[in-house]
Amino acid sequence: MAVEHESRQKGLNPPEPVLLPGQTYASIDEQISAIVLKRPLTPGWLFGTLLSFAFIMLLTFTIVYLIARGIGIWGVDVPVAWGFAIANFVWWIGIGHAGTLISAILLLLNQKWRTSINRFAEAMTLFAVACAGLFPLLHLGRPWAFYWLFPYPNTMALWPQFRSPLIWDFFAVSTYLTVSLLFWYQGLIPDAAAVRDRAQNPLKRLFFGIVSLGWRGSAIHWKYYESSYWLLAALATPLVVSVHSIVSMDFAVGIVPGWHSTIFPPYFVAGAIFSGFAMVLTLAIPLRKFYHLEDMVTLRHLENMGKIVLATSLVVAYGYFQETLMAWYSGDRFEWYMVQDRAFGNYSFAFWLLLLCNVVAPQTLWVRKWRTNVLWLFVLSLIVQIGMWTERVVIVVQSLHRDFMPSAWHMYYPTVWDWAALTGSLGLFAGLFFLFIRILPMIPTHEVQKLAHEREPHPERENPAAAAKARP
Amino acid sequence: MARPFPPYTNTLSRVIVFGLFVSPILIGWIATAINWSPYINETNIPRNQPVPFSHKHHVGGLGLDCRYCHTTVETTSFANIPPIHTCMTCHSQIWKDSPMLAPIRDSYASDIPVQWTRVNFVPDFVYFNHSIHVNKGIGCETCHGRVDEMPLTARGQPLMMAWCLNCHRNPERYVRPREDVFIMGYQPPENQLTLGRQLVQQYHIRKLQDCYTCHR
Amino acid sequence: MPPIEREKGKGRREEGEEKRENPGSQFPIPLHEEMDPAMDRRAFLTLLGASLALAGLSGCTLRPPDEKIVPYVHPPDADEMTPGKPLFYATACPRNGYVDGVLVTSREGRPIKIEGNLLHPASLGASDAITQATLLEMYDPDRSQQVMHRGLPGTWDAFLGEANTYMQAQRAVRGAGLRVLTGSVTSPTLVAQIRAMQAQLPAMQWHQHEPISRDNVRAGAQMAFGRYADTLYDFTQSAVIVSLDGDFLLSMPGHVRYARDYAASRRVRTKACGPGQPAREIMSRLYVAESMPTLTGTMADHRLPLRARDIENVARALAQQVGVNGVAPTEPLPPEVAEWVAVAARDLQAFRGAGVIVPGDFQPPAVHALAHAMNAALGNTGKAVRYIAPVEAEPMDQAASFRKLVQDMQAGQVQMLIILSSNPVYTSPADLDFAGAMAKVPMSVHLGLYDDETSALCQWHIPETHYLETWSDGRAYDGTTTIMQPLIAPLYDNTRSAHELLDALLVPPGRAGHDIVKTFWSGQHRGADFEAFWRKSLNDGVAAHPLSLRRRGGTELSSGASVAGQVSLQAANPTSQPGSPSPVPGGGGLELIFRPDPTIWDGRYANNGWLQELPKPLTKLTWDNAVLMSPRTAEKLGLTRQGGTPGTHPESVPVVELRYRGRSVRGPVLILPGHPDGSATVTLGYGRTRAGHVGTGAGFNAYALRTSDALWHDDGLEIVRTDDLFSLGVTHSHQTMEGRDIVRIGSITQFRKDPHNPDGKEHVPNKPPMILPEAPPLPPSEYAWGMSIDNNVCIGCNACVVACQAENNIPVVGKEQVLGGREMHWLRIDRYYTGMDMERPTGTYFMPIPCMQCEKAPCELVCPVDATLHSDDGLNMMVYNRCVGTRYCSNNCPYKVRRFNFLQYADIAPVIQLMRNPEVTVRSRGVMEKCTYCVQRIQNAKIDAEVQDRKVGGDEVQTACQQACPTNAIVFGDINQPDSQVAQLKAEPHDYPLLAELGTRPRTTYLARLVNPNPEMRAE
Amino acid sequence: MRKERPLIYGLMAEFDTPEALLNAAKQARAAGYRRMDAFSPFAIEGLAEEVGFRFNILPWLILIGGFGGAILGYFMQWYGMAISYPINVGGRPLNSWASYVPPTFEMGVLGASLTGFFAMLALCRLPQPYHPVFTAPQFDLTTRNRFFLCLQANDPQFDARRTWQFLANLHPVHIMEVDHDPQDMVAITHRIHSEEM
């Protein structure tokens, strides 16, 4: 298998560089912009795009049917009034956290290896948040009235109820979407300029000309650019934490046993990073393979992400443990019953599945051999995502289906439409991503170039060949 | 090399960026304006009726009391539309051949009721009760406007929630002595507020903002 | 009935969205199609007004569409109606011949709610679930609206013509070929008409067939007194009650009144709490030996589940021990049964004259005879037990009568058969081939509300007027007579009442119902001022007339003593008791028990959505009947509940085949804790084939197994498991309380020791310490509404549930939705079993759960749009038109009392619109709803009070559930007024809030359930 | 000193390493040039200061934006819940400040971020699709691997010949004139060259 071969021949010590030697400013620029400008439509890309569009069609149909018939087409009931929709929402939001995290926190921590993965991680964030945003709207009984959650001057002289965590959600998610968008776009401007200058096709020139807003790499530009980029990062960091904390409060503020727990915010945030990085792995591994970016997305990146996955998995495991411990220690009859039911009740299979996926499987990453095994990382990333999704479902469904009044207990059975909405949103995510990698430079050229510069001042002098090659 | 963007694009692009800022605000403002406008709440828009009944003539001119026709206004939630019988009490004597009144006579003869077009109404989920308002000293005019000046009846006030609340929150501004309730063109005294507060005390009027006051 | 104004002629509807959703329902087209074009003008205007409301359904522009408004042409008399003001009319609801007095609310000429009649002894203001649900029956779109002739539309005149030729023919033969088939009849007018017919045609015969027959009761009386007699119980008088399979709380005639009296004997108060609630710390004691769990059994202090056939033996043993001469058990009793009998006997002896023995209607005559004997021997007769001449006009052995009819028909002796408001083809015992015999009848006429199984086989079907559209009369279980008046002109032309039909047959073309009834009564009325009598009788709903000498009682049979004499005489030589010991045990195997269905009775209400969706009191089953059996029996047969196989609902239950006397039926199994072993119960009334859109196809038909010689139970049942699975819509499947502090159960003795903890457990105080600083106290409010529910007297009869449904326009969602856990009842009655072993639960307890109206409501906190919030007077408001449907409030409600319109549930059939309560918004799809404490009643009371410049009284407002409750278990009022009943009840020591540990501060609180076990009885 | 508007926008020198550019900028500064700008594919430490970058106001704007958003956010909630339509919700105080913290925070971040981004654009005078330097041949390489220094003609120090000489001494890869109007670019360069020799 090529991947293993690669890791063997490169040897495991010292740790992989974040940028393989032999890359010049020009070659970096060439390679990245080529994906957007020169690369022909490959059947693989075409197939992937069409497939995901098929799922988008499914999603569209589900939405139309949902609006026409009502929320009842899903499996929700009383007591389980929230089903897959909210689980999906939390899951997607969680995934949406890795991007900003990588670009913001790692930037502040001055982690060089973030550079080559942050662009598409951020794109991933945007698309994930878009998917997430879909569900709270769709799961409303009257989706067309969603704007009542927004304070606007209405003839009823009414306001939203700001004590409700859902309102907090509304503010958090919309803010998060906006900020991530700005952050992502700002990072994109110089690269768009680069592509603009490479583009032969006038249409592409026009497009990237517009996107790049006339960026010309002036020193002053760079100054303001960096200062604002850093400050945005500094803002995004607490934001990203707050967003999932607030999402977790949708549950923690409720009195439902299994929801009402103070451990939720940290443990949700950790879970978010967990699933988020898993998703980055899921995307990065095929990308670097198909677009031959092994030089820029090196084993070092994958390994580091593996470490983060392992760490967050431990935090999440601690969260599970805390929940159980507190349920027992508090002596709260309802909490304790809930814990028992979680482990041995109607939905116990889901509980054990999520433990397997989120706690047991990631432990393999202690071993460097596994951690650097690209194939295993890929598989594991999928396992983790399944696990985290299951966790959300368990929190939402299992907690609700047996709360305080035994008389009201009732099972929740997802319908085909629940699954359609989930897979549809996956399709939407994939579709957006496919378009993104074709249309926009998926790796921040200028940052990698800077990286190269910091490593060896005069790459051009050392590889005149490459330099010549890069000269138009 | 290819020529870059022409200079005017600078202005253009800046205008666009600025527009991105302003347009949402503008759109929101326009939407709100429409939403509050008579186009939506139909204030002062006369409606056509099978018989062009003129309150101006009957109330302003002849000086009929509201209760002569709307008999149940003091006792029930609903101020009834007068039965054709009521019309005929006079119009069997006067204008008894007027073609304008033909539908009334036909209805009276054939026993098939006339279908008027509603002018004042609130949505089905709003439970408005005339009797309590009338008994607490809220004039007809306060909600229905100068009916005595309407040749064709139109809605005198927007009848939207914000408007209702305005009075429910400050009844003292609108309440009048019970005996003046049915007066059109009532002039509130200069000391309306003091009088109002006193009446609020006297009539035991409370500031009802609870949703259940109107929605059940 | 006067025509109505458009303004109120509608159910309130939600805003634009819903209108957009039902573009199909543009009035008036659909309504016209439903109605006969030649319908009566007033009825038409009645509908017109309502339907004009639907005009709003068109269009979804920015602006609301033009609405029309339609005045009267001639104003109604002020006393007849003021638009916007409800009117109340007294009438009576017939079932199995007996009537219950009701008071019907009418809005603009449309009945919208049925409640009990305060003046009527069988009601005293309360009513039962079925009676209230008959309102929906009247508006049922599936009602028969068309005279049918051999399955094709016919006309009344054509019918009259043909009928007359037959009548002429019969006159020739003195009516030898004429048969009239009715149910049990108490209506004096109807009897008079039939008598008149018999006078003209002496040879005609009158047969009676009531599927839920009381033959046993009659035969029992025969056995005891040598004549028919009805037994009345007065539980207020009784200290010890022994029921031998007698379900006097739900299925006996007069059960509403009995429940009221029984509750009075059980209610425990430390202080007097208003009318009917004196201070008393004693309880009556109830022993129940029963063949299947009933409401009476759940209230028992000592319950003894027995196979139906063993009851008689227990009766004999008990009789022997209370000193009835010459009776003895036919076979030895098992030890625990023996003990039960011994203890009960001692108790009865101890309270001679203050006890009651109640035989079950479905037990063989001998049990009744023995009960009479025991009551006599114990001197209970004349006190808690009284006898009156039969209320039925012509008591007869209906089984025999019906058998005779079928024989005659098969013999071809029947030329003309008139079937009055009954459905024999469906309900006839399987061994009598009534349907087959119909073929031999040249002229058969069926009068019925529905075009049903019987009408399909009749030459003529005449649509019947509903009792709310009819002039008639009838008598209650105690003989009280009510003259029934119509609330509305018949919705459909061509409909006739039984009176009108018979009258038309006798003297064509016949008179109107009003004339028939009034003429009859003017004939009956001795004394001058008939009009006064007539008006008063209509007004009170109780006829002041010789037919019922006293408000309570009817004509006394004879003094208790002499009755007792006869009884002991009879009972002395058991041999003289015909057919005892009865019934003849069949060929071994399991015992099969037939019972009326607790919701749809004998099947006549099968098309009533309210009743179909009403959870059956104990099983909480909806939309189906099932084979009920004990867990152990099910285990023996290998029928324990199994998980789903692909394609079926994951909670499906096995389907079995019941083989009984060479016939077989397939039905799903439902395990019912507390059911005796070795027997299985099936309820009648399901498996209809021509019930209507709602009822057809629901459940399985138990009549197919029922034979005329053993109507209620017999051995010889074989249960064969099939591979099929079936999904049952059970709304409450979890049996126990999981040790949570939900229903507090204590004993009266413990209560006397420590009234605050009758169950002797530690409880979280009502107001737990809060970590967060207390919110500032609410501004002092004028009113503070609250509710107190007495678990001690709640019998779980569901009357409140239906009352709530009718009052608040609660939709019916259908079986599929119930399976999905989406039933909409605002008020549900929880049922819990106690005890480790579900095989033999130590107790069954009911708890009505409305919205608790928490002062610190968790639901309000999480609503993002202020759609649920708090009013000054402490109501937890739910604003439908503001709700966007996040369903967060429901998740956060610990009591799970919130209901959500997952789909468009509100029925938009125009005729159903007429039934809606115009004071309550009809909720559209996508909004949350819940109990509002009947806020519409509160608001109207406030407005009325304010108009009169006074304050609303503490007990002035009554919620629908409170009003309906037979046992006064629910009390609502203003807790700010210390003298209000609710305030006093909340001051009772055993008052407690549900789930107090959550600190929600509910405004609805409960009184602990108390039991009064006999210390002599060994604890199980 | 020319009084009339200079014919050209400025002179542009192309370098092939960041260091060379940085050095060139330093020298230009030392030589008293003030109106100049440097262009590079990626940010170069200290370059901005050399070409005359002074005080960075951006952080302060963001601070203001942040506080503005937060205050607005809290005020909105307090006004809506406690003043405009005070309703008892779940028995909680009208001003339950604790519940209002999350939206307040989010509004703060939103305010700050929006200010940050748009202030950055404003300070960079972006969007600006057209700029004279775009007309310089090979300038497109500034987004790839070339580094440019542009001395503007409106600088008091500027003199076409001397400045050219000065740039030439910095050993750039190329020197070119940047004209206001790209049309007669070629002509001008010809003239200058001819005069040189």
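Letters A, B, ... mirror the listed sequences (proteins, then strands); counts begin at 1. All values below were derived from every heavy atom in this structure, side-chain atoms included, with hydrogens, water molecules and symmetry-related copies excluded.
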Heavy-atom pairs under 4.5 Å with chain A, option from [options] with the top count:
options: D/Leu47, D/Val109, D/Val51, D/Thr142; answer: D/Val109
options: D/Ser84, D/Gly108, D/Gly90, D/Gly116; answer: D/Ser84
options: D/Gly66, D/Ala25, D/Ala112, D/Ala98; answer: D/Ala112
options: D/Ala43, D/Pro41, D/Ser96, D/Gly52; answer: D/Ala43
options: D/Pro102, D/Ala48, D/Pro59; answer: D/Pro102

4.5 Å side-chain heavy-atom contact, [X] and [Y]:
X: D/Gln128; Y: A/Arg216; result: yes
X: A/Leu235; Y: D/Ile62; result: yes
X: A/His453; Y: D/Ile44; result: no
X: A/Trp222; Y: D/Ser40; result: yes
X: A/Gln161; Y: D/Val89; result: yes
X: D/Met120; Y: A/His221; result: no
X: A/Arg196; Y: D/Asp140; result: no
X: D/Met107; Y: A/Thr175; result: no

For chain D, find which of [options] contributes the most heavy-atom pairs closer than 4.5 angstrom.
options: A/Ser174, A/Ala194, A/Pro165, A/Ser218; answer: A/Ser218
options: A/Pro190, A/Ala193, A/Ala172, A/Ser212; answer: A/Ala172
options: A/Ile210, A/Ile28, A/Ile189, A/Leu239; answer: A/Leu239
options: A/Thr178, A/Ile220, A/Leu158, A/Asp191; answer: A/Ile220

In terms of heavy-atom proximity below 4.5 Å to chain D, should [X] be classed as side chain, backbone, both, or neither?
X: A/Pro238; answer: both
X: A/Trp215; answer: both
X: A/Leu182; answer: both
X: A/Glu226; answer: side chain

Please classify the contact of [X] with chain A as side chain, backbone, both or neither, using a heavy-atom distance under 4.5 Å.
X: D/Glu49; value: side chain
X: D/Tyr100; value: side chain
X: D/Leu121; value: side chain

Using atom types as modelled and distance alone, determine if a side-chain donor or acceptor of A/Gln186 lies under 3.5 Å from a backbone N or O of D/Phe117.
no
Is the side chain of A/Trp168 donor-acceptor paired with the backbone N or O of D/Ser99 at a distance under 3.5 Å, no angle test?
yes
Could you tell me whether A/Lys223 and D/Glu45 make a salt bridge, using a distance below 4.0 angstrom between a side-chain N and a carboxylate O?
no
Distance flag, aromatic centroids of A/Phe171 and D/Phe105, threshold under 6.0 Å:
no
How far does [atom1] of [X] sit from [atom2] of [Y], to the nearest 0.5 angstrom?
X: A/Asp197; Y: D/Phe139; atom1: CG; atom2: CZ; result: 8.0 Å
X: D/Arg144; Y: A/Gln449; atom1: CZ; atom2: CD; result: 9.0 Å
X: D/Glu106; Y: A/Phe170; atom1: CD; atom2: CZ; result: 12.5 Å
X: A/Tyr176; Y: D/Leu110; atom1: OH; atom2: CG; result: 14.5 Å

Using the side chain to side chain contact (heavy atoms under 4.5 Å, CB included) rule, take A/Trp159 and D/Gln77 through it: C-alpha gap first, then chi angles, then the decisive distance, then the call.
CA-CA 9 Å; A/Trp159 292 80; D/Gln77 302 179 72; over 6 Å; no
Does the ring pair (Phe, Tyr, Trp, His ring centres under 6.0 Å) test come out yes or no for A/Tyr25 and D/Phe42, once each step is laid out?
CA-CA 10 Å; A/Tyr25 304 140; D/Phe42 51 84; 5.3 Å; yes
Within residues 29-38 of chain D, residues adjacent to chain A where the heavy-atom gap is under 4.5 Å:
D/Asp37, D/Ala38
Can you confirm whether D/Phe67 is buried at CZ, in the sense that more than 12 heavy atoms of other residues, nucleotides or ligands lie under 6.0 Å from that atom?
no
Of the non-hydrogen atoms in A/Ser227 and D/Leu58, which two are nearest, and what is the gap between them?
OG-CD2, 3.2 Å
Indicate the atoms forming the closest heavy-atom contact of D/Tyr85 with A/Ala157, along with that distance.
CD1-O, 3.4 Å
